[in-house]
Chemist: 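Sharing a structure here in structure tokens format.
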Amino acid sequence: MQTIRVWDLPTRLFHWLLAAAVVGLVITANIGGNWMNWHLRLGYAVLALLLFRVVWGFVGGHWSRFGSFLFAPSALIAYVRGKSRPEHRVGHTPLGALSVFALLLVLMAQVATGLMSDDEIAFFGPLVRFVSGDTVAAATSYHKNIGKFIVIALVVLHVAAILFYKWVKKDGLVRPMVLGDKQLGAGLVVPQTRDSLASRLLALVVLTVCAGAVAWLVRLGHAF
């Protein structure tokens with residue numbers, strides 16, 4: 001067996017911070033009241049994290065880049081049939097890649113509609129002022145109902161998949177996402193992900209810029 005670095009530190013931190021933030025969003029939304037202040041803050045944090053992940057998908061470590069887990073339909077079919085290429089099981093698998101993209105898109109839609117939502121009591125998103133009343137109503141309805149349940153369903157499926165891989169396929173997915181390393185067969189030659197001090201500093205710069213963009217958006221919405 002050989003041990004290689006698959007997940008760089010920025011990707012691992014993104015994963016766990018996003019998971020914690022999403023759980024916090026669901027809890028604060030259900031409690032309501034003054035907890036909605038934290039709901040808004042967590043929503044802004046999720047938006048910054050999502051923007052970071054999009055950028056990191058192009059400049060991050062090898063296995064974190066979108067190009068490493070953009071698979072053709074034939075690769076997905078082969079994986080489902082248990083005949084995929086060994087390198088397709090190193091980072092995100094063809095099936096796992098679908099889950100990642102689905103989560104990113106659904107969370108982005110949830111955050112976007114949250115920015116345009118208004119509970120007509122005390123809380124409203126920073127983009128409410130820039131869209132029509134019909135758009136606000138549609139965004140609010142989606143955010144509070146359809147979108148919330150889709151997010152919960154995808155999270156449950158994600159956790160179920162992790163448990164399935166652990167218990168049925170005997171392939172632990174949590175440990176590599178915590179430590180970054182994964183054990184592979186000695187004969188498999190694949191690139192290690194870049195996880196140097198320089199790449200981590202780059203990630204910090206990217207995250208800072210993304211957080212700054214979100215802060216600017218929030219200020220813009222409350223400047224009128």
Chemist: So does N34 have more than 12 non-hydrogen atoms from other groups sitting under 6.0 Å from CG?
Modeler: no
Chemist: Given side-chain contact (heavy atoms from CB on, under 4.5 Å), test L157 with V159 step by step and report yes or no.
Modeler: CA-CA 5 Å; L157 284 174; V159 173; over 6 Å; no
Chemist: Taking the side chain from K170 and the backbone from W167, do they hold a donor-acceptor pair closer than 3.5 Å?
Modeler: yes
Chemist: Which pair of non-hydrogen atoms, one from R65 and one from V59, has the smallest distance, and what is that distance?
Modeler: NH2-O, 3.6 Å
Chemist: Distance from T135 atom OG1 to F130 atom CZ, nearest 0.5 Å?
Modeler: 14.0 Å
Chemist: Linking I/L/V/M/F/W/Y whenever their side-chain heavy atoms sit closer than 4.5 Å, directly or via other members, would L154 and Y165 fall into one cluster?
Modeler: no
Chemist: Can you tell if the side chain of V155 reaches within under 4.5 Å of the side chain of V26, non-hydrogen atoms only?
Modeler: no
Chemist: For T113 and A109, indicate whether the former's side chain and the latter's backbone hold a donor-acceptor pair under 3.5 Å.
Modeler: yes
Chemist: Classify the ring geometry between F58 and F66 as parallel (under 30°), tilted (30 to 60°) or perpendicular (over 60°).
Modeler: perpendicular
Chemist: Which atoms form the tightest heavy-atom contact between P86 and L188, and what is the distance?
Modeler: CB-CD1, 3.8 Å
Chemist: Locate the shortest heavy-atom distance separating R5 from W63; write the atom from each residue and the value.
Modeler: O-CD1, 4.2 Å
Chemist: Out of curiosity, I152 CD1 to N30 CG, how far, rounded to the nearest 0.5 Å?
Modeler: 6.5 Å
Chemist: Examine L98 and L104 and state if one hydrophobic cluster contains both, with Ile, Leu, Val, Met, Phe, Trp and Tyr joined whenever side-chain heavy atoms are less than 4.5 Å apart.
Modeler: no
Chemist: How far apart are the C-alpha atoms of W7 and T193, what are their side-chain angles, what is the distance that settles it, and do they pass the side-chain hydrogen bond (donor to acceptor under 3.5 Å, both in side chains) test?
Modeler: CA-CA 7 Å; W7 303 120; T193 201; over 6 Å; no
Chemist: Would you sort out whether H143 and K148 count as a side-chain contact (heavy atoms from CB on, under 4.5 Å), showing the intermediate values?
Modeler: CA-CA 6 Å; H143 187 81; K148 181 178 73 172; over 6 Å; no
Chemist: Could you check if a side-chain atom of Y79 sits within less than 4.5 angstrom of a side-chain atom of R85, using non-hydrogen atoms only?
Modeler: no
Chemist: Is there a donor in the side chain of D118 and an acceptor in the side chain of T140, or the other way round, less than 3.5 Å apart?
Modeler: no
Chemist: Linking I/L/V/M/F/W/Y whenever their side-chain heavy atoms sit closer than 4.5 Å, directly or via other members, would L9 and V90 fall into one cluster?
Modeler: no
Chemist: For residues L17 and I162: do they belong to one hydrophobic cluster (side chain heavy atoms under 4.5 Å, members Ile, Leu, Val, Met, Phe, Trp, Tyr)?
Modeler: no
Chemist: Under a 3.5 Å distance rule, please check whether W56 uses its side chain to pair with a backbone N or O of L207 as donor and acceptor.
Modeler: no
Chemist: If you count every heavy atom of other residues, nucleotides or ligands that lies below 6.0 Å from H158 atom NE2, does the total exceed 12?
Modeler: no
Chemist: For L115 and Y44, what are the C-alpha separation, side-chain angles and deciding distance, and is it a side-chain contact (heavy atoms from CB on, under 4.5 Å)?
Modeler: CA-CA 9 Å; L115 295 173; Y44 299 146; 4.0 Å; yes
Chemist: Test ring pair (Phe, Tyr, Trp, His ring centres under 6.0 Å) on F101 and F69; report intermediate values, then the result.
Modeler: CA-CA 10 Å; F101 287 124; F69 55 98; 5.2 Å; yes
Chemist: Answer yes or no: is there a donor N or O on one side and an acceptor on the other, between the side chain of R194 and the main chain of S199, under 3.5 Å?
Modeler: no
Chemist: Could you state the interatomic distance from CG (L103) to CG (L18), rounded to the nearest 0.5 Å?
Modeler: 8.0 Å
Chemist: When rounded to the nearest 0.5 angstrom, what distance separates CG in D181 from CD in Q2?
Modeler: 11.5 Å
Chemist: For F52 versus A203, what's the shortest heavy-atom pair and its separation?
Modeler: CE1-O, 3.5 Å
Chemist: Please check this pair: side chain of T28 against backbone of G24, looking for a donor-acceptor N/O pair closer than 3.5 Å.
Modeler: yes
Chemist: Side-chain heavy atoms under 4.5 angstrom apart, residues restricted to Ile, Leu, Val, Met, Phe, Trp, Tyr: same cluster for V206 and V214?
Modeler: yes
Chemist: On a heavy-atom basis, which atom in H39 and which in A29 lie closest, and how many Å separate them?
Modeler: CE1-CB, 3.5 Å
Chemist: Rounded to the nearest 0.5 Å, what separation is found between the CG atom of L49 and the NE2 atom of H15?
Modeler: 12.0 Å
Chemist: If you draw a 6.0 Å radius around CH2 in W16, do more than 12 non-hydrogen atoms from other residues or ligands fall strictly inside?
Modeler: yes
Chemist: For the residue pair D119 and F124, establish whether any side-chain heavy-atom pair is separated by less than 4.5 Å.
Modeler: no
Chemist: Could you give the distance from CG (D8) to CD (Q192), rounded to the nearest 0.5 Å?
Modeler: 12.0 Å
Chemist: Kindly check if the number of other-residue, nucleotide or ligand heavy atoms within 6.0 Å of NZ (K83) is above 12?
Modeler: no
Chemist: Donor-acceptor check, side chain of N145 to backbone of Y142, threshold 3.5 angstrom: yes or no?
Modeler: no
Chemist: If you take all heavy atoms of P94 and A75, which pair is closest and at what distance?
Modeler: CG-O, 3.9 Å
Chemist: Would you check if the side chain of S84 reaches a backbone N or O of A78 as a donor-acceptor pair within less than 3.5 Å?
Modeler: no
Chemist: What do the steps show when you test R53 against S64 for side-chain contact (heavy atoms from CB on, under 4.5 Å), and what is the final call?
Modeler: CA-CA 9 Å; R53 187 63 183 92; S64 298; 4.1 Å; yes
Chemist: Under 6.0 Å between ring centres: does that hold for F71 and H88?
Modeler: yes
Chemist: Is R200 salt-bridged to D195, cutoff N-O under 4.0 Å?
Modeler: yes
Chemist: Donor-acceptor check, side chain of R12 to backbone of V178, threshold 3.5 angstrom: yes or no?
Modeler: yes
